[in-house]
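Have a look at the structure below before the remarks.
Quick caveat, the model's predicted, so the values are computed rather than measured.
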Amino acid sequence: MISLRGVVKHYGDRTALAGIDLEVPAGTVQGLLGPNGAGKTTIVRVLTTLLEPDAGDALVAGRSVRTDPDGVRRSIGVSGQYAAVDEKLTGFENLRMVARLYGMPRRTAAARARELLRDFRLEDVPATLLAGQYSGGMRRRLDLAGAVIARPPVVILDEPTTGLDPRGRRDTWDAVNSLTADGVTVLLTTQYLEEADQLADSIAVIDHGRLVADGTAAALKERVGGSRIDIALADSANGAPARAALARAGFEAELDERGTRLTFAVETGGAGLARVLSVLESRGIAVGEAALRRPTLDEVFLGLTGGLGAPDGSADLGDPEPRPEEPAAAPTGARS
């Protein structure tokens, strides 16, 4: 449903995309991860026809962004980082207005607005409540409802949960799941690795304009290899001695800032954990908790890009991608 074929884009002497190839099957969620400046936003702008690639082509629902941009715009719904709702209108009035802008007759537009209020769990909101009084999660659900009002086969979500609290993020995740349940194909860029792990059927990792990995979350974690051991020490005074003892036994552990938790990779799974506990016991170092787990998506991201993870589970924010002078508005036929 989405196909990028050797897409290249330059900003002056800087290469933003260096020949991206990506295929997204119908009815799936494709996650797009990478440090800011890696090329994610450029891909979104190419797919929404705001930028034309310098080489290669991108197809959306079989239509080329080069030769049939109008067809592409008729096939997509777009929701950006900030909810595009009119704060002085109610939820119903917002959706009815968007439907009318798509050319629906008044009666059809009203019926579609009521249908989407129900589908996105907004039908119980007081009818007179203005969108400006909605919570962040409610505004995001209203924005997503507007993005699908014309029943597009493809929806592009550019960091849809940025700035939302945990409940708002969870509400947005539910809305995305409802889209794929209806057969919609979703391209999702996100800075939250947990979000990609929860929602995406496949995850593409972009770094310096190149596709460095693409696959399911499980497959990407398998690429990192091995298992991870987390050790919580009973006494922070033992942090440095425990790390030193493990280093002498061949384990390179990371110690947290409080000096109470050690994390490191092992290839031998349960046998490795048993050996680690034996080493610590022989040094008289008390262990509060010990856990053996698979690598997280955060660790996959760090391994693939060399970026820095943030404490909240977000990817490296870095510097934003440079944006050439472009029209800020969404293309005709798409909603942003």
Side-chain angles (χ1 to χ4, degrees), residues 29 32 40-51 60 69-70 72-104 109-110 112-123 125 129-165 167-169 171-176 178-179 182 184-192 195 199 320-321 323 325-336:
V29 177
L32 199 59
K40 305 187 305 296
T41 297
T42 301
I43 289 175
V44 168
R45 290 170 71 81
V46 167
L47 290 173
T48 55
T49 74
L50 288 171
L51 283 178
V60 179
D70 288 341
V72 170
R73 289 191 282 268
R74 285 192 294 269
S75 301
I76 61 175
V78 182
S79 179
Q81 296 180 23
Y82 305 99
V85 299
D86 190 320
E87 296 184 353
K88 297 186 182 301
L89 299 179
T90 66
F92 172 77
E93 290 168 342
N94 265 279
L95 295 178
R96 183 180 59 185
M97 175 185 69
V98 174
R100 291 287 290 150
L101 290 172
Y102 272 106
M104 294 183 190
R112 180 63 173 151
R114 293 189 186 95
E115 177 185 2
L116 288 170
L117 288 175
R118 181 185 67 249
D119 291 348
F120 285 84
R121 295 191 291 110
L122 292 169
E123 62 180 340
V125 175
L129 189 68
L130 301 182
Q133 298 170 288
Y134 280 19
S135 68
M138 291 164 60
R139 286 164 59 88
R140 175 54 65 189
R141 296 206 305 277
L142 182 61
D143 185 60
L144 289 176
V148 300
I149 206 157
R151 295 185 173 87
V154 175
V155 172
I156 297 173
L157 307 179
D158 190 12
E159 299 189 6
T161 60
T162 296
L164 294 185
D165 61 24
R167 181 170 182 174
R169 289 175 61 198
D171 285 345
T172 304
W173 293 1
D174 290 343
V176 173
S178 74
L179 294 179
D182 290 336
V184 176
T185 303
V186 177
L187 180 75
L188 169 74
T189 77
T190 179
Q191 59 175 294
Y192 297 109
E195 185 163 271
L199 295 178
E321 293 178 29
R323 297 195 178 191
E325 294 184 3
E326 297 276 342
T332 304
R335 183 177 176 278
S336 175

d(Leu144 CG, Asp174 CG) to nearest 0.5 Å is 11.5 Å

**OP:** Begin with the C-alpha distance, continue with both residues' side-chain angles, and end with the deciding distance and a verdict on side-chain hydrogen bond (donor to acceptor under 3.5 Å, both in side chains) for Arg73 and Thr49.
**Re:** CA-CA 7 Å; Arg73 289 191 282 268; Thr49 74; 2.8 Å; yes

d(Leu187 CG, Ile43 CD1) to nearest 0.5 Å is 8.0 Å

Taken to the nearest 0.5 Å, the spacing of Leu117 CG from Glu115 CD works out to 10.0 Å

Between Phe92 and Ala110, the two heavy atoms sitting closest are CE1-O, 3.6 Å

Residues pairing under salt bridge (charged side-chain N to carboxylate O under 4.0 Å, His left out) where one sits in residues 82-97, two or more places apart or in two chains, turn out to be Glu87-Arg139

Any donor-acceptor pair under 3.5 Å from Arg100 side chain to Met104 backbone:
yes

inquiry  = Tell me if a side-chain donor or acceptor on Thr189 pairs with a main-chain N or O of Glu159 at a distance below 3.5 Å.
reply    = yes

- Message: Strictly below 4.0 Å, N to O, side chains only: are Arg151 and Asp182 in salt-bridge contact?
- Response: no

Heavy atoms of Ser75 and Pro152 approach each other most closely as O-CB, 3.6 Å

inquiry  = Using modelled atom types and a 3.5 Å cut-off, is there a donor and acceptor pairing between side-chain atoms of Arg167 and backbone atoms of Gly137?
reply    = no

So CG of Leu89 and CG of Leu95: to nearest 0.5 Å the spacing works out to 10.5 Å

With heavy-atom distances below 4.5 Å as the criterion, would you say the side chains of Leu188 and Pro160 are in contact? yes

Scanning both residues in full, the closest heavy-atom pair of Ala84 with Asp143 reads N-OD1, 2.9 Å

The reported gap from OH in Tyr102 to CE in Met97 (rounded to nearest 0.5 angstrom) is 11.5 Å

One should read off an interatomic distance between Asp119 CG and Arg112 CZ, to the nearest 0.5 angstrom, of 7.0 Å

**Arg121 backbone acceptor or donor facing Arg141 side chain under 3.5 Å** = yes

What one should report as the nearest heavy-atom pair of Leu142 and Gly91 is CD1-O, 3.7 Å

Report task. Could you tell me whether the side chain of Ser79 reaches within less than 4.5 Å of the side chain of Leu157, counting heavy atoms only? Result -> yes

In Leu179, Ile76, Val176, the residue satisfying side chain to side chain contact (heavy atoms under 4.5 Å, CB included) with Val155 is Leu179

Query raised in the report: Is there a donor-acceptor pair under 3.5 Å between the side chain of Tyr134 and the backbone N or O of Val125?
Result: no

For Asn94 and Ala131, the nearest pair of non-hydrogen atoms, with its separation, is ND2-CB, 3.7 Å

### Message
side chain to side chain contact (heavy atoms under 4.5 Å, CB included) for Leu199 and Trp173? Distances and angles first, verdict last.
### Response
CA-CA 7 Å; Leu199 295 178; Trp173 293 1; 3.7 Å; yes

